[in-house]
Amino acid sequence: MKFAKELERELVPEWRAKYLDYKAGKKKLKAISRALQKTNRSPSHSSLRHLNHGDPSTVTASGPDPPSSFHQPDRKHPATDPTYNPTSPGRSGSRTSRSTPGRRSERQPLRVPGSRFSTTVGNYGSILATPPLHAGSSDVASFELPDPAIDLKVQDFDPNSEITRQDEPRSPSPVMARNGSTRTVPEISQLSPSANTDKDSKRNTFSGSNSKRASQILKRVFTYTESQEKQDDQPSSEFQRRQDEFFAFLDDELAKIESFYQMKEEEATERLKVLKEQLHIMRDQRIQEVLSNKKGRTQHGHSHKPTGFGGLNGSRLKEAFVGRRIGKNSKALAELATPAANQGQDAEVVNRRRDFSRRPENAVNHEVPYRSAKRKLKHALQEFYRGVELLKAYAYLNRTAFRKINKKYDKAVNSRPPLRYMSDKVNKAWFVQSEVTENLMAAAEDLYARYFERGNRKIAISKLRKTLRKSGDYSPNTFRAGLLLMAGILFGIQALIYASQHFHHPDPIIPIHTSYLLQIYGGFFLIVFHFLLFCLDCIIWTRSKINYVFIFEYDTRTALDWRQLTELPCLFMFLLGLFMWLNFLSVNAMYIYWPVVLIGITVIVLFLPARVLYHRSRKWWAYSNWRLLLAGLYPVEFRDFFLGDMYCSQTYAMGNIELFFCLYAKHWTDHAQCNSSHSRLLGFFSCLPSIWRALQCLRRYADTRNVFPHLLNFGKYIFGVLYYATLSMYRIDRVTRFQAPFITFALLNAVYCCVWDLAMDWSLGNPYAKHPLLREVLAFHRAWVYYAAMVIDVVVRFNWIFYAIFAHDIQHSAVLSFVVAFSEISRRGIWTIFRVENEHCTNVLLFRASRDVPLPYEVASPHTETDQPTEEMVVQEPQQPTPQPPAADIEHGTPPTPGTSLRARGLSRVGTILASAHAQDFQRRKRPEDLGGASASHGNADTPEDSSDDDDDPTDTRPYSDNITVEDYASYGDNDRFLH
């Protein structure tokens, strides 16, 4: 496989700009190859390169073989000619014979007295010369030769020769006539004895004109030769220039990689120091709890001994709930303390050892539970290890890229010795020679083993090291997904045909049942269709190198490929089509109960606790829905608000929840009380997703105290609640007086949502961008897709107009509601693509490829807080107008440039705020004073880990290495040998 494809596949998408630009290097190598070819190429007009610089009267021009150009098709072969004599003296060849003295050039007449063409030309072009013929030979056939390729008026030949007594000469060839004026007219230096007798008399006549013509032609020839030599020097200079450009390019790329690597290395070093400090605090706090627990048991152990359910088992159960149970890992932490601590040192001595000097004074009274701190630090250490792995892979991939491009250069120019640039510069660079990443990984493995695996380094390494998911063979997944999807579609089409026939059933209750059944199946279909759209979005993100796995914070070791993920919606589509077909195939006792079976099987598949059907992904999805259900109680992460927005488009399916339970609660007898014209509960379920999102915005405001964008976002969802509430009232009361409030709130909600989608969620609308009304950094190369998405989003946001148009139908048909809901879900699928793409572009600007895991203890970290730029400072750069001063100057309060208009500065400021606002919509960072870590009250808000990660399980019998002493830990904890 070509290295360019390998580099594209293996690089970190967020660091793409900091890799060696391999494609640009190959283009420069191609330019070097072209320049080298020009240097080695023979110059044009090669006939002018070899000139005789002796006597001007003897200058001849070398060129292609003249006889071949004058060869006639009616010429006889020498072997068939009667005058051919093979025993005559031979010639070495036509080119050799012409180079010998005494031979004529093509500008001389071929038949002159005494020449070998004076009587016959039968052997013209033959290898052997023709013997002299007797003058009286009359039986020899004579042939007329073609005209000379020059003007005969300037020829130097004997006028009394035989050729002058023939017909008048014909006009020369037009091809040779164009070149005749630029060629010299060579004179014959040696002729046969018979021809020399007339030479002297003729020379006097033509000597003047021939000398003048020869001098002019020689001047042209030598002038052209000098210019040709200058042109020959140009390819050589171009080759040198291309080489200089190539090595300057390599130097710039090397400097870019070197600086970025050192920056990331320093950040990782500082991060490890913070993690070590957090682990020390956790260890000391846990030791204090162990000592307190032992002291309490010693004091009350002899007074009473609890028994029964409320005794020992009850105390263990109580301790498990309050987090005070002492497990094997806690005992291992106690072994890491000083010997004085193991001898029962009191809590005051332990407190003096704890590093709480930089913690707030009130933080001691609100200690973080040990289990919560342990879970957070486990996650933080795993993420740190993954980030160091990415940095190590970054250095290795760039080194390989330099070696590959250097080998291509050596092959192009045949350089010796090879790989000189590698040995002179690349191999001496810091990112090649540094061993800091290896030491950081070893330190992280040691910390994880000591604090979480009781010193078992092998288990720690197996949990820390990331399993690289290679592009395996997903053909079985693709085959199963395609088979299930097509089977479901075919079953569904046939079921719709049967359902249309039931509308003409003689029993009047069957058409009504069929209508409500189709509404229930329609809501289920919209959910599955939305799931399929998300899988399609994953395909687009994968092809465009958008790291959606990192954005959604999936576990990289268990994240599903899009081919695997597609199996789930295809399975549900098959179940939908199959049960619809079974339902409408015939009218029987099960006619109205097939939806119950379908939904029951779906719930079992989604929430089945068995380790089948991608149980980790199903567990993640179930927990995400739980967090959304309790919106406002959990910190808002990306998946929380994203899932809430997905539900905002599923108002049709949410309304079907009420319809489903209402129909079966009333035994399908009182249908009218369950539809949208009577049920206010259906309207409430339609408003419920917007309520969840509004509560999330309030939680974000409570965490950050930022009015913008959280309270403005809260207002947007309040308008959504008002829109669906007035729509429900408009349907129920069956009067047109609610039409005006409905249209008012629907219009305000549509405009509000359109502006928010384009300016906030997609960060589009920058008039100073390269593509107007877009942004500077785009993940998709074709700009037209952004413009098309902007138009579609605005148009579909106004689909509520159909409710106002069909005002005569207050109830609004189920078909109209389904079509409007289908268009909204399609719009949400497009919105999803560009929302995640916008978040990816933010990560690219910040070079953020690892998560900022919140730490449990509020310990100030000046290196990571002050040295690292905030999101607002970095994201605002693409939105800066080109002719105006940067928005960062306005952000930091520097005076504006004189002459800058207030309107331009205002637009720049607005662009800055809008560009960074979308990144604040979830729990990535808190207030600046809270960047040190998460508060203790948020300890239980993290995603629960596997039960296998809980080392305090009393059934865990893995051995603990007792050879870890206090001196070993002190030598590790106080020595920074891993960091230097």
Think Arg828 forms a cation-pi with Trp831, using NZ or CZ under 6.0 Å from the six-ring centre and within 45 degrees of its axis?
-> yes
Taking the six-membered ring of Phe479 (Phe, Tyr or Trp), confirm whether the NZ or CZ of Arg563 is under 6.0 Å from its centre and within 45° of its axis.
-> no
Any side-chain heavy-atom pair from [X] and [Y] closer than 4.5 angstrom?
X: Pro741; Y: Tyr730; result: no
X: Thr558; Y: Tyr614; result: no
X: Phe738; Y: Thr726; result: no
X: Ser679; Y: Gln673; result: no
X: Leu598; Y: Thr602; result: yes
X: Trp692; Y: Tyr717; result: no
X: Ile833; Y: Trp762; result: no
X: Leu747; Y: Trp800; result: yes

Look at Arg775 together with Glu837 and state whether they make a salt bridge at an N to O cut-off of under 4.0 Å.
-> yes
Do the ring planes of [X] and [Y] sit parallel (below 30°), tilted (30 to 60°) or perpendicular (above 60°)?
X: Tyr634; Y: Tyr623; result: perpendicular
X: Phe818; Y: Tyr652; result: perpendicular
X: Phe525; Y: Phe529; result: parallel
X: Phe524; Y: Phe572; result: perpendicular

Test side chain to side chain contact (heavy atoms under 4.5 Å, CB included) on Ile512 and Trp668 and set out the steps.
-> CA-CA 10 Å; Ile512 298 177; Trp668 288 74; over 6 Å; no
Test side chain to side chain contact (heavy atoms under 4.5 Å, CB included) applied to [X] - qualifying residues, sequence neighbours left out:
X: Val603; answer: Ile599, Phe607
X: Val587; answer: His502, His505, Ile510, Tyr591
X: Val853; answer: Arg271, His379, Ala380, Glu383, Arg851
X: Thr744; answer: Leu748

State the [atom1]-[atom2] distance between [X] and [Y], to the nearest 0.5 angstrom.
X: His530; Y: Leu532; atom1: NE2; atom2: CG; result: 10.5 Å
X: Thr651; Y: Leu727; atom1: OG1; atom2: CG; result: 9.0 Å
X: His710; Y: Leu698; atom1: NE2; atom2: CG; result: 11.0 Å
X: Glu658; Y: Ser676; atom1: CD; atom2: OG; result: 9.5 Å
X: Leu490; Y: Leu578; atom1: CG; atom2: CG; result: 12.0 Å
X: Leu663; Y: Ile592; atom1: CG; atom2: CD1; result: 9.0 Å

Any chance OH of Tyr593 has more than 12 other-residue heavy atoms, nucleotides or ligands included, within less than 6.0 Å?
-> no
Greater than 12 external heavy atoms within 6.0 Å of Phe661's CZ = no
Between [X] and [Y], does the ring centre distance come in under 6.0 Å?
X: Phe714; Y: Tyr701; answer: no
X: Phe745; Y: Tyr723; answer: no
X: Trp620; Y: Tyr554; answer: yes
X: Phe641; Y: Phe638; answer: yes
X: Phe780; Y: Phe834; answer: yes

Pair [X], [Y]: side-chain N/O donor-acceptor within cut-off below 3.5 Å:
X: Asn583; Y: Tyr498; result: no
X: Asn625; Y: Tyr647; result: yes
X: Gln696; Y: Arg699; result: no

Can you sort out the partners of Asp757 under salt bridge (Lys or Arg N to Asp or Glu O under 4.0 Å), two or more places apart, ordered by chain and number?
-> Arg797, Arg827
For Asp555, enumerate each residue passing the salt bridge (Lys or Arg N to Asp or Glu O under 4.0 Å) test, keeping only those at least two apart in sequence or located in another chain.
-> Arg557
[X] and [Y]: which non-hydrogen atoms are nearest, and at how many Å?
X: Asn547; Y: Pro13; answer: CB-CG, 4.1 Å
X: Cys687; Y: Val721; answer: SG-O, 3.7 Å
X: Leu565; Y: Leu560; answer: CD1-CD1, 4.2 Å

Give a yes or no answer on whether the side chain of [X] reaches the backbone of [Y] with a donor-acceptor pair at less than 3.5 Å.
X: His678; Y: Ala672; answer: yes
X: Ser826; Y: Phe822; answer: yes
X: Thr669; Y: Lys666; answer: yes

Could you walk me through whether Phe574 and Leu485 pass side chain to side chain contact (heavy atoms under 4.5 Å, CB included), step by step?
-> CA-CA 6 Å; Phe574 170 74; Leu485 180 61; over 6 Å; no
Could you name each residue pair satisfying salt bridge (Lys or Arg N to Asp or Glu O under 4.0 Å) that touches [range], not counting sequence neighbours?
range: residues 577-594; result: none
range: residues 479-489; result: Arg480-Glu567
range: residues 580-607; result: none

Are Trp541 and Cys538 close enough, and set up right, to give a side chain to side chain contact (heavy atoms under 4.5 Å, CB included), and what steps lead you there?
-> CA-CA 5 Å; Trp541 295 328; Cys538 292; 4.1 Å; yes
Residues at least two apart in sequence or cross-chain that pass ring pair (Phe, Tyr, Trp, His ring centres under 6.0 Å) with Phe719, listed by chain then number, are Tyr752
By ring pair (Phe, Tyr, Trp, His ring centres under 6.0 Å), which residues pair with Phe685, not counting sequence neighbours?
-> none
Residue pairs passing the disulfide bond (SG atoms under 2.5 Å apart) test where at least one lies in residues 568-675, sequence neighbours excluded | Cys662-Cys674
Where do Ile601 and Phe579 land on the side chain to side chain contact (heavy atoms under 4.5 Å, CB included) test, with the steps shown first?
-> CA-CA 11 Å; Ile601 294 177; Phe579 281 98; 3.5 Å; yes
